[in-house]
Every structure is written in structure tokens, then in C-alpha cells.
Amino acid sequence: MKREDILAYIDEHKDRFIEELNDLLRIPSVSADPAYKDDVKRCAEVVKQRLIEAGVDKAEIHPTAGHPIVYAEKIIDPSLPTVLVYGHYDVQPADPVDLWDSPPFEPVVKDGKIYARGSADDKGQAYMHVKAFEYMTRSGELPCNVKFMIEGEEEVGSVNLGIWVKEKKEMLKADVILISDTSIIANDTPSITVGLRGLSYVEVEVTGPNRDLHSGVYGGAVANPANTLCEMIASLKDENDHITVEGFYDDVEEVSADDRAEMAKAPFDENAFKTELKINATRAENGYSPMEGSSIRPTLDVNGIWRGYIGEGAKTVLPSKAYAKISMRLVPFQKSEDITRKFKEHFERIAPDYVQVKVKELHGGEPIVIPTDFPGYVAASKAMEETFGKTPIPERGGGSIPIVALFEEVLGLKSILFGFGLNSDDIHSPNEHYGIFNFLKGIETIPLFYKHFTDSHEG
Ligand code: BES
Ligand code: MN
Ligand code: MN
């Protein structure tokens, strides 16, 4: 397998690749909103069809209690290694839609980037694998076996995929899992994500009086649950930005000074970071850099807060209830269930007697760290080195892909987080985009991973 041949194939077919991706991006496969259920299903069918066209022997749609999983495989020789590709075809909701410069499900190419919901997360990245596979089958250069599982519920916690993986352990036998759903540092600075944070996600409800009240007639005599919720949330961190939930840090791994020094070598331009986000200052836990705060340290953040009057103009009301969605990002060796329980107990304990609180668990996932000294990582590093001309930097990421820890636990397989996005792709945000450079770079690099991975098994 030669890089020049891959590049020639990409050059010949790139317009078609982009058109095909755009067709996928036109399907609003929003997993969180039941209104899009049929679109999610239609998207699964298109993904299956594309896998068939790319040359798999078998492609199936596996229904679940939620959205379907697309499974496909090409087994050329059982004695050769097997790469299991994971990706997700579901996307985040597009709102706030009015902040998009073009409609979220009508992809446009502008300045070398494809703008659409799901372009980077994760349709564009998952589709690189389909096209890289197409190259390998059409050129007769597929060096090993391939299995694909492309799911439709990553953005809602992958609960049904977790159940399915436990049932299909035999079918999913492989040697490594390959996933493109993360970022590189920059287009001239390749990196491989070697850590993901876990997640505890809860919704809290604070109830005051039994009904909404006139804020003049009752204000000053009755606690406002919106005010109380804000006070409670504010108390969840101290002046050092330390989370105050009892026992929150009990299992947090303190990263050694040596490892921190090593990580600090990764390029990070704090001024460029601030300029890009239009902020005057960063804010991290006392004693940690912003880069550490967003990778090796746990967090607690309000993701949404509501109730009371939020329409046009003013309405004087003292709401009966207030709500917030709160996510906590976890690091090794915190456990999602344990942290959720600790949060719930803490939140109930700090509730003043003039309100009642409820804590509802939404979803969770475990953190993971991936070693750099096993054949999968070495193959990924070599492949990127060939196509970027630089050795990729191993980097711990701040996002979560909860299923990765489960793959290791249930299938005993390590994952390679072979992402080609950029942190500035605005995933989950308005104007999400994916660079055509990144899309094509992925298609170019993936076949070389297969080659190096297979070679390492023979040698
Ligand atoms: N692809 C992202 C995760 C990601 C993005 C990791 C960039 C590293 C860098 C994934 O689709 C995602 O958004 N995960 C969710 C968790 C899920 C349970 C909703 C997240 O991290 O918020
Ligand atoms: Mn994703
Ligand atoms: Mn996502």
C-alpha cells in the first residue's frame, strides 16, 4: 500500500466523497428529540447502503429499544487481525437555529469547510472510514478484516449500544477498536487522544411555593426557588474552584509532576485561545493551567437553567419551581455512579428548609486512559507521521465517549481515538463545520493505519 496511490484515488474521487457526505448531513438525525425518530432511522439505512456500496460482505440494521445500530463486516481471512470501527450517525440538536449563518441541515462549503450539524461530530469523521475502506476494497489492498458498528445514540449516552455490545460479544471479536470522534491539536500539529473524561449528568428541581406568585405581593416573604437554586449552585465550588461535594475528589488520580511537565510541552497559545473565544481571561481550578483544567481535572458545570418568565418584556413573577441541568466531567479513577450518588446526597443535604429538591440522574460514563505502547497506538502514530510529516502528540482530551470504557470492560479491547477534527469546529454549537483538509486527511491516513496494524501482527 502506497501513500501516493491513496492520494491519487482521493484526488480523483474527492468531489463525490463530499457530495456523499453532504447527502448524509441533509438527514436531521437528532437522537435526543423524538420528533426526528424517522429521520434517525432513515439515516441508519443510508449508512448501511453506503457500506454495501463500499464493499462489505454483510451489512445489517440492528434495532434497539432506542435508535438502530448499523453493523457491517468484511472478513477476508480469519487468521488476519480484525479492526472494529466505531462511529455515530446521530447528531446533537441544532438549536439555537437562529444563530446559524446557514440552515443546519443544508450543508454549504465555504472557505474549505463543510458547514452543517454533524459535519465534524460525527458523520464527517465516521464517513472517512467508509471512504478509506472503499479505497482499500477497490484497490485490492485491504490488508485485514474489518467490522463496522455505527450507532445512533452516542449523543444521548449510548445506553442501548452498551446492552447490544454485551449481547454481541462473539460477533464483535476483534483486535482493536478504531474511532474518529475527537480532535487533533492543529492541522500542522497532529495528535492522538489518549484519555477521555467520564460523565455524571443530572437534572435538579427546586420547588418553593405550590404555585407561581405575584413577586410584589409575596416577594420578601417567600423564598424564590430560582434565587435559591442559584445560591445552591454557587456553593458547589469554593474560592479555589474546588468542587465542594463531599468525597468528590476521593478517587481522583493526581497526575505526577513529571507527567504534567510532559503534557505542558503540547503547544497551547493562551492568548490565541482567549482571542478566539473573545474572553479577557481564562478560569481554571487554582493550581492548574487551563489545559489541565480541561483534561486531567474533573469539572462541574451548569448546562442549562430555567423557569420563571423568559419571554419578551417583563412579567413580575415569583416562580414556583426552578431547574438546572448539571454535568460533571470525571477523571480516572472516579466512578460515574458513585459521583452521581455523592452529588445527590450533597444537593439534598444543602437544601434550605424553605424549598424541596429532587435530583434526577440523566446519564453517565466512565473515564478512560489509553496507553501509547501497544500495537494499535504505534500503528496509528506511524500512519499520522507518514501523512502529516510529524509524529503525533499523545494528548488527554476533555470530552466524553462513554462507550469506550465499556468496550474495554466488555470486549477487552483498547480503542484508538483517531480523530481528525479541530477543537474550533464548533461541534454541539451553531455553525458546526468540518475542514475538507481534515476529511481528506483522515481518508488518506486510515488505510495506512490498517497497513501498519496488520504488519505489526505478522512481524
Ligand atoms: N465526539 C464527542 C466527544 C469529543 C469531542 C471528545 C471532542 C473529544 C473531543 C461526542 O460526540 C460527545 O459529544 N460526547 C458527549 C457525551 C455524551 C454522553 C452526550 C460529551 O462529551 O458531551
Ligand atoms: Mn461525537
Ligand atoms: Mn457530540
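For the single chain, residues carry numbers from 1 onward in sequence order. Values below: all heavy atoms of this structure, side chains included; hydrogens, waters and symmetry mates excluded. Whatever order the structure lists them in is the order used to number ligands and atoms, beginning at 1.
Residue contacts to the Mn ion (ligand 3): H88 brings no N, O or S atom closer than 2.8 Å. Metal site remark for the Mn ion (ligand 3): E154 contributes no N, O or S atom at a distance under 2.8 Å.
Here the angle centred on the Mn ion (ligand 2), running from OD1 of D181 over to OD1 of D121, is 90°, rounded to 10°. Between E155 atom OE1 and H428 atom NE2, the angle centred on the Mn ion (ligand 3) amounts to 90° (nearest 10°).
Atoms of ligand 1 found under 4.0 Å from any heavy atom of I427 (numbered from 1 in listed order, with element): 5 (C), 7 (C). Each of the following atoms of ligand 1 lies closer than 4.0 Å to a heavy atom of R329: 20 (C), 21 (O), 22 (O). Counting atoms of ligand 1 from 1 in the listed order, those under 4.0 Å from a heavy atom of H88 are 11 (O). Near P402, meaning under 4.0 Å from any of its heavy atoms, are these atoms of ligand 1: 18 (C).
Atom 11 (O) of ligand 1 has as its closest protein heavy atom E154 OE1, 2.7 Å. Among protein heavy atoms, atom 19 (C) of ligand 1 sits closest to E155 O, 3.5 Å. Remark: minimum distance from atom 15 (C) of ligand 1 to any protein heavy atom is reached at S400 O, 3.6 Å.
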Report task. Please lay out, stage by stage, how K342 and D250 fare under the test side-chain contact (heavy atoms from CB on, under 4.5 Å). Result -> CA-CA 11 Å; K342 284 175 172 160; D250 283 358; 3.6 Å; yes
Query - K344 vs T340, side-chain contact (heavy atoms from CB on, under 4.5 Å): CA-CA, chis, key distance, verdict - result: CA-CA 6 Å; K344 185 172 159 47; T340 302; 5.7 Å; no
Requested in this report: Report the C-alpha distance between E253 and R396 in whole Å, list the side-chain angles of each, state the deciding distance to 0.1 Å, and finish with yes or no for salt bridge (Lys or Arg N to Asp or Glu O under 4.0 Å).
Outcome: CA-CA 14 Å; E253 166 200 47; R396 277 175 59 174; 3.8 Å; yes
Requested in this report: Walk me through it: do K168 and Y71 pass the test side-chain contact (heavy atoms from CB on, under 4.5 Å)?
Outcome: CA-CA 11 Å; K168 305 287 180 190; Y71 176 78; over 6 Å; no
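Both the backbone and the side chain of D181 come within 4.0 Å of ligand 1, counting heavy atoms alone.
With F388 as the aromatic partner, K441 meets the cation-pi criteria of under 6.0 angstrom to the ring centre and within 45 degrees of the ring axis. With a 6.0 Å cutoff to the six-membered ring centre and a 45° limit on the axis angle, R26 does not count as a cation-pi contact of F105.
A donor-acceptor contact shorter than 3.5 Å is absent between the side chain of S400 and the backbone of G365. Using a distance-only test at 3.5 Å, with no hydrogens or angles considered, no donor-acceptor pair links the side chain of Y9 to the main chain of M136. Side-chain N or O atoms of D90 include one that pairs as donor or acceptor with a backbone N or O of E154 at under 3.5 Å.
Of the polar atoms of H363, none of the N or O atoms is found under 3.5 Å from an N or O of ligand 1, judged by distance alone. No N or O atom of Q92 sits closer than 3.5 Å to an N or O atom of ligand 1. Checked by distance only, ligand 1 and T182 stay at 3.5 Å or farther apart across all their nitrogen or oxygen atoms. Polar contact with ligand 1: absent for S183 (N/O pair, distance under 3.5 Å).
Ligand 1 has at least one atom lying under 4.0 Å from a heavy atom of D121.
Between the side chains of S119 and K113, not a single donor N or O lies within less than 3.5 Å of an accepting N or O. Counting only N and O atoms by type, the side chains of D121 and H428 include a donor and acceptor under 3.5 Å apart.
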